[in-house]
Amino acid sequence: MRAITVQDREAGVSGLTLSELPHPHAAENDVIVEVHAAGFIPNELEWPGTWTDRAGRDRTPSVPGHELSGVVTELGYGTTGLTVGQRVFGVTDWTRNGSLAQYTAVEARNLAPLPAGIDHVTAAALPISGLTAWQALFDHAHLTVGQSVLIHGAAGGVGSIAVQLAHEAGARVIGTGRAADRDTALGLGADVFVDLPAEGLDGIGEVDVVFDVLGGDILARSTQLVRPGGTLVTAAEPVTVQPRDGRAVFFVVEPDRVRLADLAQRLRDGRLKPIVGDVRPLGEAAAAFTPEKRTPGKTIIRVVED
Ligand SMILES: NC(=O)c1ccc[n+]([C@@H]2O[C@H](COP(=O)([O-])OP(=O)(O)OC[C@H]3O[C@@H](n4cnc5c(N)ncnc54)[C@H](OP(=O)(O)O)[C@@H]3O)[C@@H](O)[C@H]2O)c1
C-alpha cells in the first residue's frame, strides 16, 4: 500500500516520503480502515510517539497523521462494535502507524460510526480538534453557562471548534488570533475578538477559563487573566507558571467514541462546523505540512476520491 513515511528525525518535514509499505496487520481489538481522508497536526514530527513505540524502541519508518475517516475492511480477533464495510471516523494511536496511508490498523474503540450525510473530508477534520476542544472546556475546565472563556487561536483547527462549543454552552466567548481571523471567530460565535499581535492581552480583564493552544509567552501571561477559582487549560505544552488563585492544566487529548458520536451528531444537526482548509492528495502530503501560503482551517489529505 502507499503511505507517507518518516525515517530520519533530524530531517523533519523534508524527510516525509511517499513509500510502499506492507498491508497493516489487524491485532486483537483492531480494525483495518481503508482511509478515505486523513488529518495531521503540523508539529507532530516533534512528538516522541512519531519515532518510538510505547516502550521507547525505534519504530521507524513510521506513518504520521492521527485523524481519519474511512471504511472498515477487516476486524482483528475479538473486535466488536464495528463491522466490515462500516463508515467510521476517529483517532489512531500516537505510537503506531497513522492515517497518511491507504490502510491503517487502529483500535476499534478509538473510532465512531460516521453518520450518513457527512463526507469523509469533513469528518477527518473533526476527531482531534473536536475531542481536544471538548475535553479542554468541559472535562478539564468545567465551563458552564454564564461563565467567560478566553480561547486563543480561535480561528484555528482546535480553537474554531472550541468557540462553537463554548458559545452553544452559553458562555461569553473572547476569541484571539491574527487580524485576518476576526470575521471567522466572530462568525463562529465569539462575542469579542482580540487581535493578539496588535492588541496584546492587556485589555481583556479576568475570565473564568482560558483555553490556550499557543504556548510560550502567551500561555505564561494568560495565567494572570484567570479569575480567582478559575482554570487555565492548555493543549500546547506543560504549564510552568500557575494562576495566582486558580488551576492550570496541560493535557493530551484522549480518544472517546461516545464523544466522537456526539460531535458527529452536532455536525449533522448543523450546530458544529469544522473549518476545512487545504485539501490535497496523498502524494502532496509532504508539501501540505509546510505550505507556501497557509489556507485557514484544517488541512486534509484526501486518500480516496469519493
Ligand atoms: N495536547 C493535545 O492533545 C493537542 C491536541 C490538538 C492540538 N494540539 C496543539 O495545539 C496547537 C494548535 O493546533 P491547531 O490544530 O488548532 O493549530 P492551527 O489550526 O494552526 O491553529 C492555531 C491558530 O492560532 C493562530 N496563531 C498562532 N500563533 C499566533 C499568535 N502568536 N498570535 C495570534 N494567533 C496565532 C494561527 O494563525 P496562523 O495560522 O496565521 O499562524 C491559527 O489560526 C498545536 O500546537 C497542536 O500541536 C495539542
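We number each residue from 1, following the sequence as shown. In listed order, ligands and their atoms are each counted from 1.
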Less than 4.0 angstrom from a charged side-chain N to a carboxylate O is my criterion; do Arg178 and Asp181 meet it? no
If you scan protein heavy atoms around atom 46 (C) of ligand 1, the nearest is Ile41 CG2, 3.6 Å
Check ion pair Arg96-Asp30 (N to O, under 4.0 angstrom): yes
Quick one about Ser69 and His36 (side-chain donor to acceptor, distance below 3.5 Å, no hydrogens or angles considered), yes or no? no
| task | Would you tell me whether Ser148 and Asp208 have side-chain atoms, one donor and one acceptor, within less than 3.5 Å of each other? | result | yes
Closest to atom 37 (O) of ligand 1 (heavy atoms only, candidates Glu237, Arg178, Glu254) is Arg178
ask   = Thr176 near ligand 1, heavy-atom distance under 4.0 Å?
value = no
Could you walk me through whether Thr184 and Leu188 satisfy the side chain to side chain contact (heavy atoms under 4.5 Å, CB included) test, starting with their C-alpha distance in whole Å, then the side-chain angles of each, then the deciding distance to 0.1 Å, before giving a yes or no? CA-CA 6 Å; Thr184 303; Leu188 293 173; 4.0 Å; yes
In this structure, atom 24 (O) of ligand 1 is nearest to the protein heavy atom Gly153 CA, 3.3 Å
among protein heavy atoms, the one nearest atom 42 (C) of ligand 1 is Gly156 CA, 4.1 Å
Mind telling me whether Trp47 and His66 have parallel, tilted or perpendicular rings, with 30° and 60° as the class edges? parallel
Short version for Val158: what comes under 4.0 Å of ligand 1, heavy atoms counted, is both
Going by the 4.0 angstrom heavy-atom rule, the piece of Val253 near ligand 1 is both
### Message
Does ligand 1 come near enough to Phe251 that some N or O of the ligand is less than 3.5 Å from an N or O of the residue?
### Response
yes
for atom 5 (C) of ligand 1, nearest protein heavy atom and its distance come out as Thr132 OG1, 3.2 Å
Within the 4.0 Å heavy-atom cut-off, what Val213 brings close to ligand 1 is both
TODO: Give a yes/no verdict on whether any heavy atom in Gly177 is under 4.0 Å from an atom of ligand 1.
DONE: yes
Looking at Ser129, Ala235, Pro42, the heavy atom closest to atom 2 (C) of ligand 1 belongs to Ala235
To atom 31 (N) of ligand 1, the nearest of Asp212, Ile218, Leu196 on a heavy-atom basis is Ile218
**Item:** Check: Asn43 N/O within less than 3.5 Å of ligand 1 N/O
**Value:** yes
Nitrogen or oxygen atoms of Gly157 and ligand 1 under 3.5 Å apart: yes
